Amino acid sequence: MRSAIHFASAALALAALSFGAMPFAVAADTPDPAADAKAFQKFFTEKFPKVKLDDFVNGPYSMNEDMHRQWEEKEQFPPYDFSLDLGKEMFAKPFKNGKSYADCFPNQGIGIRQNYPTFDEKEGKVVTLELALNRCREANGEAPFSYVKDEMAALTAYMAFTSRGKPFDIKIPNDPRALEAYENGKRYFYTRRGQLNFSCASCHVQNPGERIRAEVLAPALGILNAMPIYRSEWGGMGTISRRFTTCNSQIRGVPLEPQSDEYRDLEYYLSYVSNGLPVSGPGARP
Amino acid sequence: MASTIRVRATSSGETTEVQALIQHPMDSGYVKDAKGDLIPPHFIQQLTFEHDGKNVFLADWGPAVSKDPYVKFSFKGGKKGDDLKISWVDNKGASDTTTAKIQ
Amino acid sequence: MTTTHDGFPATRRLMLKGAASVALIGLGNLPFSVAPAFAAANDKYPEDAFKQKSDADAVKALYGKTAEPSDKVKMDAPEIAENGAVVPISVSSTLENVTSISILVAENPNALAAFYLIPAGTLPSVANRLKMAKTTNVIAIVEAGGKLYSTAKEVKVTVGGCGG
């Protein structure tokens, strides 16, 4: 059993986490995403030899047995069910102009979650699923949704559900801008920031499975595969955008705007290094 | 239109297992909102399950039942295709009812 | 959403009463020795029991008697709650003639969390999810043959998350 850390101050709690050497050098030599992903997955499978590769997508639940049982109980009738049904209904309902979401996506939007984010070579930028959904709305004369919860969570929940079990398949096209976006995302992930001077990796690479106050830290491998999630802590659903901004606030850093270039690149990096792990969203979390 | 009640009732021949999930805030009255004001209590008080004109389960709930509450029980009898009627009423007098088919 | 704000809770309550008395007739010849003023004997929402602070007072208000510990009451609860807002708890019993099951959380502001009426033909087993304010005992009470039997288990609740 790992020891629980419950200090009143987050700073103290964080100080108790361990920080070995970073497992991977940050952008030292020529970028090689494929080699990155391999090293990344090797790091986690060696650190947690008992956890099956596909199980990493269950985040904190993959790290702790007592919690895994609570998760199984929840999955009997998961709290994201309402959102999922809403998403299905919304997805099927045509816009005022008669078109629908299905018209904006390959394969009518069914079973394609594993391909996002994509790199749009026309725009020269990363396009996430959340962004694509709002662009679809705007292109059809509808107002965009808030990125963090409610409708956006419902739509992405439904799209993830139709893709469950499909391995993440993020592509980096032969375009220097795509590689740059990937490298930017990677740099963002390993850069320390905020009053507490933490990087995303400090928690999700160096300390997965450890408790930080009440929460068990999720491993960075497969960390987006279950999105969107119903989090009991939120008492509701949240998207990738919501999770990114709340994690930034957690280290007393200033969160960026949802779907800013930095977050898009970050999502691109995190998704790419989880290639091969299945879509499991929508997920339920503590 | 979406109901606030989700039910899964499955008959094994001898018994029927019922699981229900209800969309409800279940505010306890002890939690503050973002502005620091107490959110007044708002929770389901009674939940009933009726099969074949007979109550097969009745729940009395206080505010300590979790948001979007879940309950599971089993009763003897119940065939595939039978109706199961579920109703709840909360402390503000709001209510909802749905009828589900046993699978 | 079809939530009706019917504004006539009294009517609604009457309806529920009607449904439950049918169920009580169904109980027929079971020993039913509990005084009718207590919730265990009728379908009325036990307002008073839910208002009590301590588990002992809640049990008194609910049943008018006390429970004895029994290994025939089984409770499944996590050791450490992943989140105090959603703690999965299930209770079952091997006792005969179970008529109700209640679950209390000792140090919640009001101890009684849920009361379940088990009509004849319904199995003495229930699962639900409860809120817990802090680390404390969860108590399950099974009413069988007019007597009360209990079990308890401590569930640890760590401080709420980082707010994220």
Side-chain angles (χ1 to χ4, degrees), chain B residues 1-5 15-24 26 28-31 41 43-78 85 87-98, chain C residues 1-10 12-13 15-16 19-26 39 43-47 49-51 58 62 83 85-88 90 100 102-105 108-133:
Chain B
M1 265 221 280
S3 165
T4 60
I5 307 170
T15 58
T16 298
E17 185 187 84
V18 182
Q19 285 176 289
L21 188 74
I22 301 166
Q23 201 166 30
H24 198 283
M26 297 302 283
S28 66
Y30 294 106
V31 176
F43 56 94
I44 293 177
Q45 290 189 319
Q46 269 192 330
L47 169 71
T48 54
F49 294 78
E50 234 184 281
H51 170 252
D52 206 8
K54 184 177 118 131
N55 247 18
V56 288
F57 195 71
L58 179 137
D60 285 332
W61 282 346
V65 171
S66 302
K67 180 180 174 186
D68 295 340
Y70 164 82
V71 71
K72 173 165 128 181
F73 71 95
S74 301
F75 65 95
K76 290 192 190 128
K85 187 177 164 200
S87 317
W88 60 256
V89 58
D90 71 21
N91 67 321
K92 293 185 177 174
S95 62
D96 196 8
T97 296
T98 197
Chain C
M1 261 198 282
T2 56
T3 312
T4 53
H5 291 263
D6 61 19
F8 296 106
R12 171 76 203 150
R13 183 54 50 79
M15 259 172 61
L16 279 169
S21 43
V22 174
L24 288 179
I25 293 164
D43 66 296
K44 202 170 158 296
Y45 183 70
E47 190 98 46
F50 277 109
K51 284 211 176 104
L62 194 56
N83 186 321
V86 194
V87 186
S90 59
S100 80
S102 56
I103 307 174
L104 300 98
V105 181
N108 268 2
N110 304 99
L112 182 60
F115 172 83
Y116 298 101
L117 199 67
I118 311 287
T122 295
L123 306 185
S125 170
V126 59
N128 63 11
R129 300 170 186 158
L130 302 178
K131 296 175 202 160
M132 293 184 62

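All of these numbers come straight from a predicted model, not from anything done at the bench. These values consider heavy atoms only, across backbone and side chains, with no hydrogens, waters or symmetry-generated copies. In what follows, chains carry the letters A, B, and so on, assigned in the order in which the sequence lines appear, proteins first and then strands, with residues in each chain numbered from 1.
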*Asks:* Drop me the distance from Phe115(C)'s CZ to Gln45(B)'s CD, to the nearest 0.5 angstrom.
*Replies:*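 Taking CZ in Phe115(C) and CD in Gln45(B), the distance rounds to 14.5 Å.
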*Asks:* At a 4.5 Å cut-off on heavy atoms, which part of Phe43(B) comes close to chain C: side chain, backbone, both, or neither?
*Replies:*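 Contact with chain C involves the side chain of Phe43(B) alone.
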*Asks:* Would you mind telling me which of Ala133(C), Pro109(C), Ala111(C), Ala49(C) has the largest number of heavy-atom pairs within less than 4.5 Å of chain B?
*Replies:*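 Max contact count across the listed options: Pro109(C).
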*Asks:* If only atom types and distance count, is the side chain of Ser66(B) paired as donor or acceptor with the main-chain N or O of Ala85(C) below 3.5 Å?
*Replies:*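 Yes, the answer is positive, given that a donor and an acceptor are paired below the 3.5 Å cut-off.
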*Asks:* Check the side chains of Tyr30(B) and Asn110(C) for a donor-acceptor pair under 3.5 angstrom, ignoring hydrogens and angles.
*Replies:*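 Distance-only check passes for Asn110(C) and Tyr30(B).
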*Asks:* So which heavy atom on Lys44(C) is nearest to which on Asp60(B), and how close?
*Replies:*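 So the minimum-distance heavy-atom pair works out to O-OD2, 4.0 Å.
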*Asks:* With side chain to side chain contact (heavy atoms under 4.5 Å, CB included) as the criterion, how do Leu58(B) and Tyr116(C) come out once you've worked through the C-alpha distance, each side chain's angles and the decisive distance to 0.1 Å?
*Replies:* CA-CA 6 Å; Leu58(B) 179 137; Tyr116(C) 298 101; over 6 Å; no
*Asks:* Please check if the side chain of Lys54(B) supplies one atom and the backbone of Pro119(C) the other of a donor-acceptor pair under 3.5 Å.
*Replies:*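 Side chain of Lys54(B) to backbone of Pro119(C): no pair is present.
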*Asks:* Please look at Thr15(B) and chain C and tell me whether the side chain, the backbone, both or neither of the residue comes under 4.5 angstrom of a heavy atom of that chain.
*Replies:*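 Answer is side chain: those atoms of Thr15(B) sit under 4.5 Å from chain C.
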*Asks:* Do you know which of Asn108(C), Val126(C), Leu112(C), Ile103(C) has the most heavy-atom pairs with chain B at a distance under 4.5 angstrom?
*Replies:*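 Among Asn108(C), Val126(C), Leu112(C), Ile103(C), the one with the most close pairs to chain B is Val126(C).
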*Asks:* So how far is it from Asn128(C) CG to Lys72(B) NZ, rounded to the nearest 0.5 Å?
*Replies:*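 Rounded to the nearest 0.5 Å, the CG-NZ separation comes to 11.5 Å.
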*Asks:* Side chain to side chain contact (heavy atoms under 4.5 Å, CB included) with Ile118(C): which of Phe75(B), Phe73(B), Phe57(B)?
*Replies:*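 The single option meeting the side chain to side chain contact (heavy atoms under 4.5 Å, CB included) with Ile118(C) is Phe57(B).
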*Asks:* Looking at Leu21(B) and Arg129(C), what are the two nearest heavy atoms and their distance?
*Replies:*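 Here Leu21(B) and Arg129(C) meet closest at CD1-NH1, 3.8 Å.
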*Asks:* Please look at Phe50(C) and chain B and tell me whether the side chain, the backbone, both or neither of the residue comes under 4.5 angstrom of a heavy atom of that chain.
*Replies:*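 For Phe50(C), the side chain is the part near chain B, not the backbone.
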*Asks:* Does any backbone or side-chain atom of Val105(C) lie under 4.5 Å from a heavy atom of chain B? Answer side chain, backbone, both or neither.
*Replies:*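 Neither the backbone nor the side chain of Val105(C) comes within 4.5 Å of chain B.
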